[in-house]
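Below, read A as the first sequence line, B as the second, and so on, with proteins coming before strands; counting in each chain starts at 1. Excluded from the calculations below are hydrogen atoms, water molecules and symmetry mates; all remaining heavy atoms, backbone and side chain alike, are included.
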Amino acid sequence: MLRYTINRVLLMIPTLLGVAVLVFFMLRVVPGDIVEVKLRGDGGNVTQEVIDSERKRLGLDRPLLTQFGEWMVNMAKGDFGISMWTERPVMEEIMLRLELSLQVALMATFIAVLLAVPMGTLAALFRDTWIDYLVRILTIGGLSIPSFWFGMLLMLSLLAFFNWLPPITFTPIYVDPWENFKQLIWPAMAVGYRYCSVVARMIRSSLLEVLNEDYIRTARAKGVYEKLVISRHALRNALLPAITVIGLEFTFLIGGLVVTEQVFNLNGIGQLFVQSVSRNDFMLIQGMVMLIAGFYVFVNLIIDLLYAVFDPRIRYDT
Amino acid sequence: MTIATPTAADTAIPKAPNPYLEFCRQQPLGAISFFIIVVMMFAGIFSPWVAPYDPLAIDFAGILAAPSWEHWCGTDAFGRDICSRLIYGSRTALVIGFTSSFVGSTVGAILGIASAYFGGKIDDWIQRFVDILLAFPLIVLALVVVAAVRKFVVGGVDVNLIIAIAVPIIPRVARVVRAAALSVRVMPYVDAARAAGYSHSRIIFRHMAPNVVAPYLIMLTAFIAQAILAEASLSFLGLGVTEPTAAWGLMLSGNAADFYREAPWMILFPGAMISLAVFAFNLFGDSLRDYLDPRFKV
């Protein structure tokens, strides 16, 4: 097990290195950088000299490999550089907003998993009945309705029925938990709907597969209560693939947050990402991409290790 | 001597029914979704004849008008007819959705087949590259590409947007097609083609590609849905299609949000169109998968 873990951790390094190389050079292959957005963005007439000196100040005039090397060395020391727009450390900018986004993500996960497990299980057990159809319609809706539009609909109904709009300023959980909850539950639901659909569909299909296995027939033939067959024998095995989906979709929540935070006017990671893209803030984009990729790789590691714990075949194969 | 290539008629059950009718019979939901897609394509292609108004015509006398017989879906903050903008918007959504999914899926499929065919070092490198790209949610990778590629419009179509949406599709298709191509790789006819001394590209395109068409088509349709969603999201964020072009995501952004109270139709209809389009392509992709490849069926 230790060997497997070490192997798995070492495998993370080339992936992250690849992400760094890819994002760094992709951003710089095509001409056009933050200096132009900053100084010429409003159609302002700025001389080439001013632009050159600003580039020099930000270190954009140096050879690409030097810039890349410096970025890598600093990152190894835990320094992600300085935002080219706000001139504050990238890490500081991210940390300011991480709490909010993480809280929405966790709430969304909680809602999604809480709803998805019974939905997927019921749909599989009552296959091809109205329960199954209802779940399938609800889940295909979750895959089709954009989370930002769903968020808008939530806001619209809150306004229509309760004449309530989410407040403009954010209340952290340690200041007023109830206020904080009221504020974040709607964005969490907006991004959680899709999450819930994906997980419910996964549980449905993997449970249907497991119910066809021989050991289920054996259990039934032994006279085990149907309830126990489902909960002990079937569901336990069907949840394993679901864990993968829950983990992967959690890292992909950032994709939903990118757009949904805009709707609810939440100053989180998603909004920061959109801002840094529209400003061509290379350092900030790079920092956030590394963070997202790092998080993804980490969650993948956890999933693999969980699998290895549950399924001894994986441990011995490698 | 000519070797007869097996046609569909040889392999099918005697008196094969019309495949299109068969699809409709087996997959009624797929047929319905296909009908929705056809209607949307019709509206997109013939927008100037279908739309009741000019989508760009500004009418300050009639701003924020509620839905009525004159303006079926109301008007927006510039007095533009929302129904006409929705019809023209289907053009934007379909053009960008189709092209980016086609480009992404095709490049992905070629990478996937090449990866399976060559194996060894090349396979390792392509798979590593795919792994790296898979570390991002689709929309995040699209945003990074948007940051990297400059705005670039040819003939009214945002080429940079198509590239941005196509890139994240590549690794996802490459992975699936590679898996399918691996089983084709070991077929005797591939060995025969190699023994006959055909070039690599001929074997890849003439012998292997036709046999992974099913997963390719399934992925292509499914990713049109994702691409339409991505285009709407990017336009909503102000990083995709820009005013005054009619695009569904764009119609939800900016001043639509300022008029929640006064003009809810401004956000109801465009969002419903996005959902309908994504729904239709998702469902059609699902049905196509069940029809073409019953092995996947649960």
Return all side-chain donor-acceptor pairs below 3.5 angstrom for residues 294-301 of chain A, not counting sequence neighbours, or 'none' if the list is empty.
{"unit_1": "A:Y296", "atom_1": "OH", "unit_2": "A:N300", "atom_2": "ND2", "d": "3.3"}

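Minimum heavy-atom separation, A:F148 to B:S233: CE2-OG, 3.6 Å.
Atom CD of A:Q262 and atom CG of B:L237 lie 5.5 Å apart (nearest 0.5 Å). Atom CG of B:L133 is separated from atom OG1 of A:T15 by 11.5 Å, given to the nearest 0.5 angstrom. Rounded to the nearest 0.5 angstrom, A:S147 OG and B:L229 CG are separated by 7.5 Å.
For a residue to count as touching a neighbouring chain, one of its non-hydrogen atoms must lie under 4.5 Å from one of that chain's; by this rule B:A142 does not touch chain A. Proximity to chain A (any heavy atom under 4.5 Å) is shown, for B:F281, by neither the backbone nor the side chain. If you measure heavy-atom distances from A:L16 to chain B, you find no contacts under 4.5 Å at all. With a threshold of 4.5 angstrom between heavy atoms, B:L143 approaches chain A through its backbone and through its side chain. Contact annotation for A:M155: only side-chain heavy atoms (C-beta onward) come within less than 4.5 Å of a heavy atom of chain B. In this structure, chain B has a heavy atom under 4.5 Å from the backbone of A:T251, while its side chain stays farther away. With a 4.5 Å cut-off on non-hydrogen atoms, B:L268 touches chain A through its backbone and its side chain both.
Side-chain contact between A:P146 and B:S275 is present, with at least one heavy-atom pair separated by less than 4.5 Å. Taking the side chain as every heavy atom from C-beta outward, A:V277 and B:V144 never approach each other to under 4.5 Å. Put simply, the side chain of B:P137 reaches to within 4.5 Å of the side chain of A:I292, judged on heavy atoms. Looking at heavy atoms from C-beta onward, A:V19 lies in side-chain contact with B:F136 at the 4.5 angstrom threshold. Taking 4.5 Å as the limit, some side-chain heavy atom of A:S278 sits within range of a side-chain heavy atom of B:L239. Residues A:I145 and B:F279 form no side-chain contact, since every pair of their non-hydrogen atoms from C-beta on lies 4.5 Å or further apart.
Heavy-atom neighbours of B:F34 CZ from other residues, nucleotides or ligands within 6.0 Å: at or below the threshold of 12. Counting heavy-atom neighbours within 6.0 Å of A:M72 CE, excluding the residue itself, gives a total above 12. Heavy-atom neighbours of A:W71 CH2 from other residues, nucleotides or ligands within 6.0 Å: above the threshold of 12.
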- Task: Could you please spell out the steps behind the side-chain contact (heavy atoms from CB on, under 4.5 Å) verdict for B:M273 and A:W149?
- Result: CA-CA 11 Å; B:M273 286 305 286; A:W149 188 57; over 6 Å; no
- Carefully, step by step, assess B:F129 and A:L22 under the rule side-chain contact (heavy atoms from CB on, under 4.5 Å). CA-CA 9 Å; B:F129 176 67; A:L22 193 79; 4.1 Å; yes
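The pair B:D286-A:R136 does not meet the salt-bridge criterion, since no charged nitrogen lies less than 4.0 angstrom from a carboxylate oxygen.
Counting heavy-atom pairs under 4.5 Å between each of B:L234, B:V140, B:L283, B:V145 and chain A puts B:V140 at the top.
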